[in-house]
Amino acid sequence: MVLIDKKILGGGIAMLIVGLIIIAYLNSTVPIGTAGMTEEQTLDLMKREAEHKNYSTLAAMLAGVGFLLVLISFGARRKKGGAKTIEKKPSAPT
């Protein structure tokens with residue numbers, strides 16, 4: 001039986017799905033320039049392209065972290081109880 005931490009798995013799947021949806025949306029709304037644009041329009045287009053690239057990078061990071069959480073959830077084990085402290089008594093001098 002494979003030990004799975006369901007909370008980490010759920011969070012990872014949610015992040016992965018949201019990241020992929022954002023990537024799909026951003027790919028459908030790529031800023032496009034036209035011929036004969038003025039300098040102001042060109043600068044505005046360059047600004048929008050830079051923002052689009054940055055948002056795409058963030059969405060890819062979100063999907064990547066979600067994927068890593070999914071992978072980690074298969075190896076995560078919950079420890080039962082709390083942290084146990086072991087106290088060693090000093091040995092008596094002889």
So OG1 of T57 and CE of M61: to nearest 0.5 Å the spacing works out to 6.0 Å

Rounded distance (nearest 0.5 Å) linking atom CG of N27 with atom OG of S56:
6.0 Å

Would a 4.5 Å heavy-atom cut-off, applied to side chains only, mark L9 and D5 as touching?
no

Are more than 12 heavy atoms, taken from residues, nucleotides or ligands other than M37, located less than 6.0 Å from that residue's CE atom?
yes

Residue of the set L69, L68, L20 for which side-chain contact (heavy atoms from CB on, under 4.5 Å) holds with M15
L69

Please confirm whether the backbone N or O of L26 pairs with a side-chain atom of H52, one donor and one acceptor, at under 3.5 Å?
yes

Closest heavy-atom pair, P31 versus L45, reported as atoms and distance to 0.1 Å, is CB-CD1, 4.0 Å

Minimal heavy-atom distance between I23 and A59, with the atoms involved, is CG1-CB, 3.6 Å

Pairs satisfying salt bridge (charged side-chain N to carboxylate O under 4.0 Å, His left out), at least one member in residues 31-48, at least two apart
D44-R48

Please report the interatomic distance CG(L58) to CG(L62), rounded to the nearest 0.5 Å.
9.0 Å

Rounded to the nearest 0.5 Å, the CD1 atom of I21 sits from the CG atom of L16 at a distance of 10.0 Å

